[in-house]
Amino acid sequence: LLGGQFAPFSGVNFIRSKITLQRGQFAPAQRVNFTRFLHNATLFAMLFYIFSGTVSGWKTLTQLFPKRFSLTPSGGWAFILGWLIGDLIFLLIKLALSVCVGLIALPIRTVKNILRLRTLSKTT
């Protein structure tokens, strides 16, 4: 009655797994997998660094190239639409570049800010 392909989902096996958990033993599916935790923690740290560096890269690119020459169209929806698409493409390119530049600029900006805060704390 309880055999076959639905045996893992039967009530008897569920009760057996609960009894083993009550005895202080862990079911194989509930064991902590340290390598998976280490992988997830490393991935989270890398993504945090990349997204933090994006802000720093954006600021650095804005300092290096402060002005963007944009020609406002003089008329017609086609010109306005092309101008908006051009701005969108510019922003996407700047975002991609800020991710790349931010990986290098983040530690430099962090050290500069720490040194600036040290000099400010000494003067006050």
Side-chain angles (χ1 to χ4, degrees):
L1 180 69
L2 295 177
Q5 70 185 48
F6 298 108
F9 303 109
S10 67
V12 174
N13 288 328
F14 178 74
I15 293 171
R16 284 183 188 156
S17 67
K18 291 296 180 189
I19 291 172
T20 57
L21 289 176
Q22 288 176 356
R23 291 183 186 159
Q25 299 173 353
F26 290 105
Q30 294 180 348
R31 290 190 181 137
V32 177
N33 191 350
F34 183 71
T35 56
R36 181 172 289 238
F37 169 76
L38 190 62
H39 176 265
N40 289 340
T42 305
L43 182 66
F44 178 76
M46 287 171 35
L47 288 175
F48 182 78
Y49 181 75
I50 288 170
F51 287 127
S52 298
T54 303
V55 175
S56 181
W58 189 277
K59 288 182 179 182
T60 303
L61 285 176
T62 302
Q63 284 179 350
L64 291 175
F65 307 106
K67 292 185 179 180
R68 178 181 176 272
F69 298 104
S70 136
L71 300 173
T72 307
S74 59
W77 283 105
F79 292 115
I80 293 174
L81 185 62
W83 181 60
L84 290 175
I85 291 174
D87 281 346
L88 181 64
I89 291 171
F90 170 75
L91 289 176
L92 291 176
I93 290 172
K94 187 173 179 181
L95 181 65
L97 284 175
S98 68
V99 170
C100 298
V101 170
L103 297 175
I104 298 168
L106 180 63
I108 296 170
R109 229 175 231 283
T110 304
V111 169
K112 282 183 180 179
N113 286 336
I114 289 172
L115 293 175
R116 186 174 56 106
L117 285 174
R118 281 188 181 174
T119 58
L120 286 175
S121 66
K122 287 179 184 178
T123 58
T124 55

What distance do K112 atom NZ and S56 atom OG have between them, rounded to the nearest 0.5 Å? 9.5 Å
To the nearest 0.5 Å, tell me how far I104 CD1 sits from T60 OG1. 10.0 Å
Interatomic distance, CD1@I93 vs OG@S98, rounded to 0.5 Å, equals 12.0 Å
Measuring from F90:CZ to L95:CG, what's the distance to the nearest 0.5 Å? 11.5 Å
Apply the test side-chain contact (heavy atoms from CB on, under 4.5 Å) to residues I114 and T110: give CA-CA distance (whole Å), side-chain angles for both, the deciding distance (0.1 Å), then the verdict. CA-CA 6 Å; I114 289 172; T110 304; 4.1 Å; yes
Tell me if the NZ atom of K59 is crowded by more than 12 foreign heavy atoms within 6.0 Å. no
For K94 and T62 the tightest heavy-atom approach is NZ-OG1, 3.1 Å
I need the minimum non-hydrogen distance between Y49 and L106, along with the two atoms involved. CE1-CD2, 3.4 Å
Give, for atom OG1 of T54 and atom CG of L97, the distance between the pair rounded to the nearest 0.5 Å. 11.5 Å
List the atom of W58, the atom of L91, and the distance in Å for their closest heavy-atom pair. CH2-CD2, 4.0 Å
Working to the nearest 0.5 Å, report the span between CG of L43 and CG of L38. 11.5 Å
Could you see if I89 belongs to whatever hydrophobic cluster contains L61? Use Ile, Leu, Val, Met, Phe, Trp, Tyr and a side-chain cutoff under 4.5 Å. yes
